[in-house]
There are 2 protein chains.
Amino acid sequence: MTSEAAALFDAMGDPTRRAMVSLMARGPASVSALADPLGITVTAVGQHLRVLEQAGLACSEKRGRTRYCRIRPEGLDSIEAWTRQVRREWEARLERLGDMLDEMGPQAGR
Amino acid sequence: MTSEAAALFDAMGDPTRRAMVSLMARGPASVSALADPLGITVTAVGQHLRVLEQAGLACSEKRGRTRYCRIRPEGLDSIEAWTRQVRREWEARLERLGDMLDEMGPQAGR
DNA sequence: TTTTTAGTGAAGCCATCACTTCACCAATGG
DNA sequence: CCATTGGTGAAGTGATGGCTTCACTAAAAA
């Protein structure tokens, strides 16, 4: 597992950050616009935002005194890459298993 | 976000559990076969295993005195479903944005 | 049968981390 | 200018959760 994917799962492992991502998926939001529906302080949002940004799941930009936060859907890529990898590995294993049985012939296991 | 997906991200939020999944992707493993390379006790593995099972990411079966643990790749489905959902929502937003600009006509924003 | 191996359950320890408060800065509005 | 609004940084609190130890059960081996 890549360290990117690890950071992603770590970031998504928290319910508040998941909620933030869901909110931002509806469009850019200010820090307080995120804090309000979540019932937490803007300070807390700022801390979560840093984690999401470092994981590549969000980015933000300050204009005037308000900071606009957006998700980066591309950030989800390595999650999908990882799940595909696990699936592939598992299926390859089943295939190898099937090959082995084939080689052993139909009389195997009697 | 569905509660299944939440459970999945919670489960995958821990590095040890991620490592367990990676190990199991290579084939079924006993509890101690998982504990050994991870450098933790079998008790700890048992606890993680319960979380993974409840999240639908693994299943296990006890034969004799050993418990065989396997991953359930289907369990990853709702992670992918969720990432697709977020992407879709975001793209829909961009589309709406584009439509609005179209309706406003080329003279908009002057 | 005795011993060893594989795993479970309960209980406790400890570090991480989510969150708060408080002080502070900078932009905006009156 | 003064008050308000939006956000940041540092420091502290509290709870969750990952892990351990210890006592125990059951299967397999000797």
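Values below: all heavy atoms of this structure, side chains included; hydrogens, waters and symmetry mates excluded. Naming convention: chains lettered A, B, ... in sequence-line order (proteins, then strands); numbering from 1 in each chain.
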Q: List for me each residue that meets side-chain contact (heavy atoms from CB on, under 4.5 Å) alongside B/Ser22, sequence neighbours excluded, and say none if there are none.
A: A/Trp82

Q: What I want to check is whether an N or O donor and acceptor connect the side chain of A/Gln47 with the base of C/dT20 at under 3.5 Å.
A: yes

Q: Rounded to whole Å, how long is the line connecting atom CE of B/Met20 with atom C1' of D/dC19?
A: 13 Å

Q: Give the rounded distance in Å between these two atoms: NE2 of B/His48 and P of C/dG7.
A: 16 Å

Q: Are B/Thr66 and D/dA27 close enough that a side-chain N or O sits under 4.0 Å from OP1 or OP2?
A: no

Q: Please compare B/Leu49 and A/Gly39 by the position of their nearest nucleotide in DNA chain C and report the one closer to 5'.
A: B/Leu49

Q: Just to be sure I understand the rule, does A/Thr41 reach a base, reach only the sugar-phosphate, or reach nothing, if contact means heavy atoms closer than 4.0 Å?
A: base

Q: Give the rounded distance in Å between these two atoms: CD1 of A/Ile40 and C1' of C/dC17.
A: 13 Å

Q: Without decimals, in angstroms, what is the distance between A/Glu53 CD and D/dG7 P?
A: 13 Å

Q: Considering only NZ, NE, NH1 and NH2 on the basic side and carboxylate oxygens on the acidic side, decide whether B/Arg72 and B/Asp77 come within less than 4.0 Å.
A: no

Q: Expressed as a whole number of angstroms, how long is the span from B/Asp36:CG to D/dC19:C1'?
A: 17 Å

Q: Other residues, nucleotides and ligands only: do more than 12 of their heavy atoms fall within 6.0 Å of CD on B/Glu4?
A: no

Q: Compare the minimum distances between each of D/dG7, C/dA18, C/dG7 and the side chain of B/Arg67, then state the nucleotide with the smallest one.
A: C/dG7

Q: State whether B/Trp90 and B/Arg93 meet the cation-pi test: NZ (Lys) or CZ (Arg) under 6.0 Å from the six-membered ring centroid, and within 45° of the perpendicular axis.
A: yes

Q: What integer distance in Å separates A/Glu61:CD from C/dA27:C1'?
A: 16 Å

Q: Looking across every strand, which nucleic acid part, if any, lies under 4.0 Å from A/Thr43 by heavy atom: base, sugar-phosphate, or nothing?
A: base

Q: Just to be sure I understand the rule, does A/Val31 reach a base, reach only the sugar-phosphate, or reach nothing, if contact means heavy atoms closer than 4.0 Å?
A: sugar-phosphate

Q: Just how far, in rounded Å, is C1' of C/dC17 from CG of A/Asp10?
A: 12 Å

Q: Look at B/Arg17 together with B/Asp10 and state whether they make a salt bridge at an N to O cut-off of under 4.0 Å.
A: no

Q: Under 4.0 angstrom, heavy atoms only, what part of the nucleic acid is A/Arg17 near: base, sugar-phosphate, or nothing?
A: sugar-phosphate

Q: Would you kindly compare A/Arg65 and B/Lys62 by the position of their nearest DNA chain C nucleotide and give the one closer to the 5′ end?
A: B/Lys62

Q: Just the rounded figure in Å: distance from P of C/dT16 to CG of A/Asp14.
A: 17 Å

Q: Would you classify A/Gly46 as touching base, sugar-phosphate or nothing, given that sugar-phosphate means primed atoms plus P, OP1 and OP2, and contacts are heavy atoms under 4.0 Å?
A: nothing

